[in-house]
Undergrad: 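Here you go, one structure.
For clarity, every value in this text was computed on a predicted model and none was experimentally measured.
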Amino acid sequence: MENYIEKILCIEVLEKISRLKRYLQSYYSSSKTEGKEVVGLFMSALEATQKNLETVIVYLKKTQSLNYPEKASVLRRISNAFLTIVNLHDQLQLVYGSWVRPETHTFISEVLDFFPPERTPKKVNIVLTNEYNFLEGNLTWLFADILTNNNISIQLKEENPTVFLPKIDYDNPLNWAILAHECGHTDTKGIENLLNNPQIILNGISEQNKIILQSWVEEIYCDLIASRVLGPAYLASFCTYALLVSGIDGNEKNYKSHPANIVRISIIQEYLENMNIKVPLSEELLGCSDIGSYYYNMLEKYNEISRKFLNSYSTHNTLPFDLTELVDTISEQVDDIVKLKISLTKDDFLRIKKLKERLSNGITIASYQELDKLEKAKNIYPEKNVTLNDLNKAKDALQETRTKLWEIINAGWLNKIECLFPKAFKLFFSGEDDSNLNKKIESYGVELENYDNVLLKSIESSEIFKIMEESEHGTI
């Protein structure tokens with residue numbers, strides 16, 4: 001397909017417009033009556049943004065093949081549209097908002113189940129934020145700083161690790177995958193052990209550069225935790241975020257707080273490849289046969305445009321330490337560095353395709369029927385002298401097993417790529433009708449909302465299955 005990446009990014013920005021509208025419309029379902037004029041202003045601003053994006057959509061429909069300068073121009077327009085949405089999101093304190101969904105707490109709880117008990121925080125708070133960013137912080141430190149800065153003495157003993165979720169994604173489970181990275185920052189003991197590793201934090205560098213190195217290592221550590229918890233779904237979510245937020249020339253820039261996105265995503269992809277953890281696509285896209293490679297390749301193609309026409313380049317060769325050596329060391333020691341209670345393997349992802357098929361039909365995937373077990377159970381009954389053990393096996397085969405969090409999120413991403421994206425391509429980029437983009441966005445928004453609800457119900461019902469299992473085995 002011509003201009004595939006440009007069209008995908010258009011669809012992602014249109015999704016953000018739809019989601020922000022949905023969030024704002026939730027205001028109208030509240031009991032509040034004041035301030036709705038402010039919501040009207042937001043809506044007008046979003047209408048203007050999508051109208052600006054409409055010219056890009058029409059251009060992509062009518063232009064079969066773009067050269068590199070044209071690609072750069074289109075990507076810049078898309079990036080500007082997304083930046084506008086981010087700036088509007090920053091002003092959401094002006095309107096009444098929703099509370100954190102209970103499914104988000106379930107999601108975080110499932111992520112923390114991977115952590116060893118001695119490294120698991122008692123509680124991780126979740127706060128919806130106006131800033132379009134996924135962050136982690138400690139509210140105890142924040143409140144202590146506020147009081148100390150005003151010469152008020154206080155001793156707050158309990159720590160309150162907190163993850164921050166952008167309001168626009170409050171009901172978008174696929175993007176919650178990034179919160180798994182933020183949960184990694186709560187693993188203070190694991191991070192402390194890593195930063196005391198002389199093979200990772202090298203001697204002989206200045207204190208200033210040591211601080212940068214420590215920040216980078218912590219970010220990579222949290223990326224690997226998220227990858228070990230969610231597999232390719234984390235890479236998909238992070239890549240989508242990076243493609244939209246960083247802009248056309250931002251994915252190869254290093255920062256004091258974290259290495260370039262392309263460096264981090266390369267490490268994630270290498271880890272998934274080494275572990276052979278893949279979620280296969282039904283057919284090749286961008287020359288790739290699995291989700292991880294698909295998104296990694298998309299980011300690389302995006303960066304290729306950046307390098308060629310915007311003179312953007314990675315700055316790792318000017319760093320005071322050898323980034324390649326650091327990455328190699330972490331990759332070689334990943335099993336020792338990132339020790340979790342649960343370790344996923346390729347076998348834990350075998351059901352994803354079947355779960356995706358159910359999602360594509362609007363069916364929740366909180367549980368799954370093991371058909372091979374069912375077939376074996378059928379073969380028991382023609383036999384003579386059926387034992388109690390045989391009957392128990394048959395009973396077990398008839399019961400659906402609980403679907404795990406990583407299965408739901410990976411199946412969700414696979415279905416988005418193979419079902420939602422084609423629908424969006426057809427809606428926005430096919431046919432001669434270039435009118436009424438608003439109605440098309442509204443139609444796609446309904447599709448997204450229905451899909452979100454199926455995923456949310458799957459997470460909620462999976463938690464109910466978990467409680468029932470724990471009750472049956474006497475673990476609660």
Undergrad: Side chains of Arg358 and Tyr368: is there a donor and an acceptor less than 3.5 Å apart?
TA: no
Undergrad: Tell me whether Thr129 contacts the main-chain N or O of Glu131 through its side chain, where contact means a donor paired with an acceptor under 3.5 Å.
TA: yes
Undergrad: Only pairs at least two apart or in different chains count here, so list each side-chain hydrogen bond (donor to acceptor under 3.5 Å, both in side chains) that has a residue in residues 453-466.
TA: Glu110-Lys466, Asp113-Lys466, Arg402-Ser462
Undergrad: Under a 4.5 Å cut-off applied to non-hydrogen side-chain atoms, are Trp216 and Asn254 in contact?
TA: yes
Undergrad: So, applying side chain to side chain contact (heavy atoms under 4.5 Å, CB included) with Cys183, which one of Ile225, Val111, Val229 is it?
TA: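 Of all the options given, the one that passes is Val111.
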Undergrad: Look up atom CG in Leu299 and atom CG in Asn261, then write down how far apart they are to the nearest 0.5 Å.
TA: 7.0 Å
Undergrad: For Ala260 and Asn251, which heavy atoms make the closest approach, and how far apart are they?
TA: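 Shortest heavy-atom contact: CB-O, 3.7 Å.
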Undergrad: Are the side chain of His89 and the backbone N or O of Ile168 linked by a donor-acceptor pair below 3.5 Å?
TA: yes
Undergrad: Kindly determine whether Leu60 and Val56 satisfy side-chain contact (heavy atoms from CB on, under 4.5 Å), including the steps that lead there.
TA: CA-CA 6 Å; Leu60 289 174; Val56 177; 4.0 Å; yes
Undergrad: Are any non-hydrogen side-chain atoms of Leu83 and Asn87 less than 4.5 angstrom apart?
TA: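 Yes. Closest side-chain heavy atoms under 4.5 Å.
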Undergrad: Of the non-hydrogen atoms in Ile277 and Leu344, which two are nearest, and what is the gap between them?
TA: CD1-O, 3.8 Å
Undergrad: Can you tell me how far apart CD (Glu6) and CG (Leu66) are? Round to the nearest 0.5 Å.
TA: 6.0 Å
Undergrad: With salt bridge (Lys or Arg N to Asp or Glu O under 4.0 Å) as the criterion, how do Lys167 and Asp90 come out once you've worked through the C-alpha distance, each side chain's angles and the decisive distance to 0.1 Å?
TA: CA-CA 10 Å; Lys167 290 178 176 178; Asp90 290 344; over 6 Å; no
Undergrad: For the OG atom of Ser227 and the CG atom of Leu235, what is their distance to the nearest 0.5 Å?
TA: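 It is 7.0 Å, given to the nearest 0.5 Å.
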Undergrad: Flag the pair Leu165 / Asn175 as yes when at least one side-chain heavy-atom distance between them is below 4.5 Å, and no otherwise.
TA: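 They are not in side-chain contact.
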Undergrad: Does a side-chain N-to-carboxylate-O contact under 4.0 Å join Lys354 and Glu407?
TA: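 No, no charged N to carboxylate O under 4.0 Å.
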Undergrad: Let me know which of Asn3, Ile11, Val58 forms a side chain to side chain contact (heavy atoms under 4.5 Å, CB included) with Phe429.
TA: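 In the set Asn3, Ile11, Val58, the residue that makes a side chain to side chain contact (heavy atoms under 4.5 Å, CB included) with Phe429 is Ile11.
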Undergrad: Examine distances only and state if a side-chain atom of Thr240 and a backbone atom of Ala236 form a donor-acceptor pair shorter than 3.5 Å.
TA: yes
Undergrad: Under the side chain to side chain donor-acceptor pair (under 3.5 Å) test against Asp169, which residue among Tyr241, Tyr23, Tyr132 passes?
TA: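 The side chain to side chain donor-acceptor pair (under 3.5 Å) with Asp169 is passed solely by Tyr132 among Tyr241, Tyr23, Tyr132.
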Undergrad: Pairing donors with acceptors under 3.5 angstrom, does anything connect the side chains of Glu304 and Tyr68?
TA: yes
Undergrad: Which label fits Trp406 and Phe114: parallel for a plane angle under 30°, tilted from 30 to 60°, or perpendicular past 60°?
TA: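 Answer is perpendicular, since the angle exceeds 60°.
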Undergrad: Are any side-chain N or O atoms of Thr84 and backbone N or O atoms of Asn80, one a donor and one an acceptor, separated by less than 3.5 Å?
TA: yes
Undergrad: Just how far is it from atom CG of Leu456 to atom CZ of Phe107, taken to the nearest 0.5 Å?
TA: 11.5 Å
Undergrad: Under the salt bridge (Lys or Arg N to Asp or Glu O under 4.0 Å) criterion, do Lys21 and Glu47 qualify, and how do the steps go?
TA: CA-CA 10 Å; Lys21 283 185 175 181; Glu47 295 285 342; 3.3 Å; yes
Undergrad: Measure across Cys222 and Gly184 and return the closest heavy-atom pair with its distance rounded to 0.1 Å.
TA: SG-C, 3.4 Å
Undergrad: Yes or no on side-chain contact (heavy atoms from CB on, under 4.5 Å) for Val74 and Leu9, after CA distance, side-chain angles and deciding distance?
TA: CA-CA 10 Å; Val74 166; Leu9 291 177; over 6 Å; no
Undergrad: Could you check whether any side-chain N or O of Thr104 sits under 3.5 Å from a backbone N or O of Arg101, counting only pairs where one atom can act as donor and the other as acceptor?
TA: yes
Undergrad: Contact between Trp413 and Ser237 at the side-chain level, heavy atoms closer than 4.5 Å - yes or no?
TA: yes
Undergrad: Of all heavy-atom pairs between Phe164 and Gly137, which one has the smallest distance, and what is that distance?
TA: CE1-N, 4.0 Å
Undergrad: Identify the heavy atoms of Ile178 and Tyr234 that sit nearest to each other, and give their distance.
TA: CA-CE1, 4.0 Å
Undergrad: Do the side chain of Ser44 and the main chain of Gly40 share a donor and acceptor less than 3.5 angstrom apart?
TA: yes
Undergrad: Looking at Glu15 and Arg19, is any side-chain nitrogen of the basic one under 4.0 Å from a carboxylate oxygen of the acidic one?
TA: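 The answer is yes: the pair qualifies as a salt bridge.
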Undergrad: Is there side-chain contact between Tyr59 and Arg77, with heavy atoms separated by less than 4.5 Å?
TA: no
Undergrad: Please indicate whether Lys346 has more than 12 foreign heavy atoms, meaning atoms of other residues, nucleotides or ligands, lying under 6.0 Å from its NZ.
TA: no
Undergrad: Is it the case that over 12 heavy atoms from other parts of the model lie below 6.0 angstrom from the NZ atom of Lys278?
TA: yes
Undergrad: Heavy atoms only: give me the nearest Phe42-Leu88 pair and the separation to one decimal.
TA: CE2-O, 3.3 Å
Undergrad: Flag the pair Leu174 / Tyr451 as yes when at least one side-chain heavy-atom distance between them is below 4.5 Å, and no otherwise.
TA: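 The answer is yes, as the side chains (C-beta and beyond) meet within the 4.5 Å cut-off.
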Undergrad: Do Arg22 and Asp452 pass the salt bridge (Lys or Arg N to Asp or Glu O under 4.0 Å) test, and can you show the C-alpha distance, the side-chain angles, and the key distance before you say yes or no?
TA: CA-CA 12 Å; Arg22 190 200 308 176; Asp452 288 342; 3.0 Å; yes
Undergrad: Go through Lys416 and Glu12 one step at a time and tell me if the salt bridge (Lys or Arg N to Asp or Glu O under 4.0 Å) criterion holds.
TA: CA-CA 11 Å; Lys416 181 174 184 177; Glu12 289 288 357; 3.3 Å; yes
Undergrad: If you count heavy atoms of other groups shown closer than 6.0 angstrom to CD of Glu2, is the number above 12?
TA: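 For Glu2, atom CD is crowded (more than 12 foreign heavy atoms under 6.0 Å).
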Undergrad: Looking only at side chains, do Glu273 and Gln269 share a donor and an acceptor under 3.5 Å apart?
TA: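 Judged by distance alone, the side chains do pair up.
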Undergrad: Take Leu244 and Val13 through the test side-chain contact (heavy atoms from CB on, under 4.5 Å) and record every step on the way to the result.
TA: CA-CA 8 Å; Leu244 291 173; Val13 175; 3.7 Å; yes
Undergrad: With a 3.5 Å distance limit and no angle check, can you tell me whether Asn361 reaches the backbone of Ile363 through a side-chain donor-acceptor pair?
TA: no
Undergrad: Quick check on side chain to side chain contact (heavy atoms under 4.5 Å, CB included): which of Asn303, Asn297, Ile305 does Lys301 satisfy it with?
TA: Asn297
Undergrad: For the pair Ser360 (side chain) and Glu357 (backbone), establish whether a donor and an acceptor sit closer than 3.5 Å, ignoring hydrogens and angles.
TA: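 Here the side-chain-to-backbone pair exists.
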Undergrad: Within the 4.5 Å heavy-atom criterion, are Lys7 and Phe428 side-chain neighbours or not?
TA: no
Undergrad: Return the CG to CD distance between Leu359 and Glu418, rounded to the nearest 0.5 Å.
TA: 11.5 Å
Undergrad: Taking Asn410 for the side chain and Ala233 for the main chain, is one N or O donor matched with an acceptor at less than 3.5 Å?
TA: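 Yes: the side chain of Asn410 pairs with the backbone of Ala233.
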Undergrad: Indicate yes or no for a side-chain donor-acceptor contact from Thr403 to the backbone of Ile408 under 3.5 Å, with no hydrogens or angles considered.
TA: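 Checking the backbone N and O of Ile408 against the side chain of Thr403, no donor-acceptor pair under 3.5 Å is found.
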Undergrad: Nearest 0.5 angstrom please: Trp176 CH2 to Glu182 CD, how far?
TA: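 It comes to 15.5 Å.
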Undergrad: Compute whether any side-chain donor of one residue and acceptor of the other, for His181 and Glu219, lie under 3.5 angstrom apart.
TA: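 Side-chain D/A pair, His181 to Glu219: present.
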Undergrad: Could you go through the side-chain contact (heavy atoms from CB on, under 4.5 Å) check for Ile267 and Asp223 one step at a time?
TA: CA-CA 9 Å; Ile267 293 171; Asp223 284 334; over 6 Å; no
